[in-house]
Amino acid sequence: MGISNGLLNQTLTLQTPTESDDGMGSKIISWADLGSFRGRISPLSVQEKLMQDKNNMVTTHRIFCDPMTVDSTNRIRWGSYYFEITGIRNPSEMYHHLEIDVKELQVA
């Protein structure tokens, strides 16, 4: 049983990297959609940000969602925002929901 659907107020897209040859001996990485899911995006509080290593702050938001298959090679798209996955937690190992720590990316 997952989180109450009322709490999952955003539709997000899980993406996976794909490599292709650029024709000149290098690889080009592009992103392919794996599918959509419902989630809740929560910016980290000032206190949570301060608890991170000051020189190496990597997490900007936490995404809550129902259990699903996801790993750190994926990224998450929400409209025109993109997030790199920095950590995935299954609280209490109950598989009730996932907490995915992410870093907002600046994508051109």
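For this chain, numbers begin at 1 and follow the sequence in order.
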Trace of the side chain to side chain contact (heavy atoms under 4.5 Å, CB included) decision for Phe37 with Val70: CA-CA 11 Å; Phe37 66 98; Val70 60; over 6 Å; no

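- When all heavy atoms of Leu12 and Ile41 are compared, the pair lying nearest together is CD2-CD1, 3.5 Å.
- Nearest heavy atoms, Thr18 versus Ala32: CG2-CB, 4.1 Å.
- In the hydrophobic clustering of ILVMFWY residues, with side-chain heavy atoms under 4.5 Å counting as a link, Ile76 and Ile88 come out together.
- Nearest heavy-atom pair across Leu8 and Arg38 is O-NH2, 3.1 Å.
- In this structure, the separation between CD1 on Ile28 and OG on Ser20 is 5.0 Å, given to the nearest 0.5 Å.
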From CA spacing to verdict: side chain to side chain donor-acceptor pair (under 3.5 Å), Thr11, Ser36: CA-CA 7 Å; Thr11 299; Ser36 296; over 6 Å; no

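- Hydrophobic clustering places Trp78 together with Ile63 (ILVMFWY residues linked when any side-chain heavy atoms are closer than 4.5 Å, directly or through intermediates).
- We find the CD-OG distance between Glu19 and Ser26 to be 11.0 Å, quoted to the nearest 0.5 Å.
- Note that CG of Asp66 is 8.5 Å distant from CG of Leu98, once rounded to the nearest 0.5 Å.
- Using cut-offs of 30° and 60° on the angle between ring planes, the pair His97 and Phe64 is tilted.
- Shown here for Ile29 and Pro17, the closest heavy-atom pair between the two residues is CG2-CB, 4.0 Å.
- Annotation for Cys65 and Gly39: closest pair CB-CA, 4.4 Å, computed over non-hydrogen atoms.
- Considering only heavy atoms from C-beta on, Trp31 comes within 4.5 Å of Arg75 through its side chain.
- In this structure the side chain of Gln106 never reaches within 4.5 angstrom of the side chain of Tyr82, judged on heavy atoms.
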Apply side chain to side chain contact (heavy atoms under 4.5 Å, CB included) to Asp33 and Arg77, showing your working. CA-CA 9 Å; Asp33 292 351; Arg77 179 175 56 83; 3.3 Å; yes

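- In this structure, CG on Leu14 lies 5.0 Å from CE on Met68, to the nearest 0.5 angstrom.
- From Arg89, atom CZ reaches atom CG of Asp101 across 4.0 Å, with rounding to the nearest 0.5 Å.
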Give the C-alpha distance, both sets of side-chain angles, the deciding distance and a yes or no for side chain to side chain contact (heavy atoms under 4.5 Å, CB included) between Arg40 and Gln10. CA-CA 6 Å; Arg40 179 175 205 84; Gln10 302 295 333; over 6 Å; no

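- We find the CD1-CZ distance between Ile100 and Arg62 to be 11.0 Å, quoted to the nearest 0.5 Å.
- Residues Pro67 and His96 fail the side-chain proximity criterion, which asks for heavy atoms closer than 4.5 Å.
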